[in-house]
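Model, not experiment: these values are computed from the prediction.
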Amino acid sequence: MSAPAITPVFVRLKLSLLRNGLRRSGAQRVAYIASAVIALLFAVLQMVGLIALRGQAHIDALVVLLTAVLGLGWAVMPLFFPSGDETLDPTRLVMLPLRPRPLVRALLAASLVGIGPLFTVCLLAGSAIAVARGGAAYAVGVVAVVLALLVCVAFARAVAAANVRLLSSRKGRDLAVLSGLVIAIGAQVVNFGAQQLGSSGLGELDPVADVVGWLPPASAIGAVHSVSEGSYGVAAAQLALSAAALVVLIAVWSRHLTRLMTSPDGSTLPAAGSAARERTSSGLGRLLPAGRTGTVMERSLRYVWRDPKTKAAWVTSLAIGLIVPVFNAWQGTGSVYFACFAAGMLGIQMYNQFGQDTSAFWIVAMTISSTRDAYVELRARAYALLLITLPYATLVTVVTTAMLGDWRRLPEALGLSFALLGAMLATGAWTSARFPYSIPQEGYKNVAPGQTGLAWISIFGGMIAAAVLCAPVIALTIWLNVSAGGDDWTWLLLPVGAAYAAGLTAAGLRLAAPQTARRLPEILGAVSKG
């Protein structure tokens, strides 16, 4: 008696998972439907736009690169969004009597159901139609779209199966949370590339497309263009490359599935030994001040390294703080004052200090019994932040100045950066005590439900106050630059800005300390809601 086919079962399972997305609260159901509709609408508009470009010069290069980016997106999607598809984790099936080959077929079929595959089909179909000319090209286009879609899906599945142990570990969750960094950097790169193409035209894409057109899944769409040009041999080779890639990816996927279904998970075996070694290491503590100050600094720095959301916020701020001034300087449209962006992005990390501790803040609260304790706690947190932000803001300012060659303005740019950093440390300490909010430990939300208003007041209100506090240094900078002979005295802005920043920070900590000591129960209740 032959075993029943499991492919229809897995397809129905995927449909059930999609249907269960509608069985939520009213707000969640609306958000789910709205996101799906927006994604599909965007895909349809993209397809229509590609078809409208049919016959334009260099359209072949554009669609080939678009398909390559689409394939890359499918490859990295499991790494950054492991919870986006419940069927990506095959370890949930290890207790079932399933063989790898039928399981691969069933999972591949289930993977073709959903918004992502439909979005991909729209883009691939628009790309194929945009470059197809003649009946043969359209026939090859149908094969190319199916083949490219299968390569994308198999690529995602192979990557997920190869990294499933990582994705279910703490490091995998760190990687998922850090997806915001990739999106932020990618947005800046895309913006820079779009500006370059806008000035030089799509012809700049041709050399890259000539190479990428031989890489699956882009080679499948490249085959449609080759048929339109009458290069049937080239088209056959490009389709063969995509087909071979599909076979290889399925083989790799099947091998990893077999390993996952038959071998034990030993990913956590060395954890105890490594943790013991880490506990005995006190190298960081030896470099910090003694007493409570050093203890709080070490704890804050360990949060930056270990806590996924704190790490994500820091790495994103570090990256964007460098990208914005450097990219603008690279394009010749920047200014040394753009370097202040680094100080501003890093200064945000001072806001909601106690919310970053989440429910563990009660341990800290037990050690605060006076205004002096609160002051030392806040001061140590500011010191830990300064260990990273002060040298980094200086480095970004120097790099931006070097790229622009405007060394005369380096002292005033540094002075402004230091003043902004000091103002944000001061306002961040005060708003941390007055407007604390909880940061959920799970998921991608950074604010607990019902506390969005507090977050807006804390961050944006604090940033506005910081800008107002920086007004004297800004006014002095403007006055020295517009007054006769003022250029000879702009170097004073560096010590003035540094001294002003130190004064602002000290004043902000002094004002925030009594607020923290007096409002400990309210702070504890606010940050423990996540």
From L410 atom CG to L404 atom CG, the distance as rounded to the nearest 0.5 Å = 11.5 Å
Are side-chain heavy atoms of N481 and E412 found at a separation under 4.5 Å?
-> yes
Is a side-chain donor or acceptor of K311 paired with a backbone partner of V304 at a separation under 3.5 angstrom?
-> no
Cationic N near anionic O, under 4.0 Å, R299 to E377 | yes
Side chains of R379 and T505, donor plus acceptor under 3.5 Å | no
Interatomic distance, CG@L476 vs CH2@W489, rounded to 0.5 Å, equals 12.5 Å
V399: which of V396, L395, T397 passes side-chain contact (heavy atoms from CB on, under 4.5 Å) | L395
Within a strict 4.5 Å, meaning less than it, do heavy atoms of the I459 and F435 side chains meet?
-> no
pair S432-M350: side-chain heavy atoms closer than 4.5 Å = no
Quick one: are F338 and V326 in side-chain contact, heavy atoms under 4.5 Å?
-> no
Do L421 and S417 touch side chain to side chain, with heavy atoms closer than 4.5 Å?
-> no
Neighbour count >12 (heavy atoms, 6.0 Å) for atom CH2, W407 | yes
How long is the span from the CG atom in L386 to the CG atom in L346, to the nearest 0.5 Å?
-> 10.5 Å
For the pair L509 and W430, evaluate side chain to side chain contact (heavy atoms under 4.5 Å, CB included) and give the outcome as yes or no after the intermediate values.
-> CA-CA 7 Å; L509 294 175; W430 191 81; over 6 Å; no
Who passes side chain to side chain donor-acceptor pair (under 3.5 Å) against T310, sequence neighbours left out?
-> D307
Taking every heavy atom of Q356 against every heavy atom of Y351, the minimum-distance pair comes out as NE2-O, 3.5 Å
Please lay out, stage by stage, how F119 and F42 fare under the test side chain to side chain contact (heavy atoms under 4.5 Å, CB included).
-> CA-CA 8 Å; F119 181 92; F42 179 75; 3.5 Å; yes
Could you walk me through whether R409 and S335 pass the side-chain hydrogen bond (donor to acceptor under 3.5 Å, both in side chains) check?
-> CA-CA 10 Å; R409 299 193 182 278; S335 166; over 6 Å; no
Measure from the side-chain N and O atoms of T293 to the backbone N and O of P289, and report whether any donor-acceptor pair falls under 3.5 Å.
-> no
What residues, two or more places apart in sequence or in another chain, satisfy side chain to side chain donor-acceptor pair (under 3.5 Å) together with T401?
-> none
Run the side chain to side chain contact (heavy atoms under 4.5 Å, CB included) check on L416 and T477 step by step: do they pass?
-> CA-CA 8 Å; L416 283 172; T477 303; 3.7 Å; yes
Is any side-chain N of the basic residue among R519 and E522 closer than 4.0 Å to the acidic one's carboxylate O?
-> no
Could you give the distance from CD1 (I115) to CD1 (I38), rounded to the nearest 0.5 Å?
-> 12.0 Å
Residues S458 and N352: closest non-hydrogen pair is OG-N, 4.4 Å
Measure the shortest side-chain to side-chain distance between T371 and T516 over non-hydrogen atoms and say whether it is less than 4.5 angstrom.
-> no
With rounding to the nearest 0.5 Å, note down the distance linking CG in L480 to CG in L492.
-> 7.5 Å
Interatomic spacing from CG in N328 to OG1 in T400 - rounded to 0.5 Å | 9.5 Å
Of all heavy-atom pairs linking P325 and I320, the shortest is CD-O, 4.2 Å
Does the pair D357/R381 count as a salt bridge with the N-to-O cut at 4.0 Å?
-> yes
Within a strict 4.5 Å, meaning less than it, do heavy atoms of the W314 and T389 side chains meet?
-> yes
Return each pair, listed once, that meets ring pair (Phe, Tyr, Trp, His ring centres under 6.0 Å) where at least one residue sits in residues 361-399; pairs must be two or more places apart or across chains.
-> F354-F361
If you look at every heavy atom in R408 and T490, which pair is closest and at what distance?
-> O-OG1, 4.4 Å
Shortest non-hydrogen separation from A465 to T427 and the atoms involved = CB-CG2, 3.9 Å
Hey, does T367 have a side-chain heavy atom less than 4.5 Å from the side chain of I363?
-> no
Over all atoms of both residues, closest heavy-atom pair of A433 and P436 | O-CD, 3.8 Å
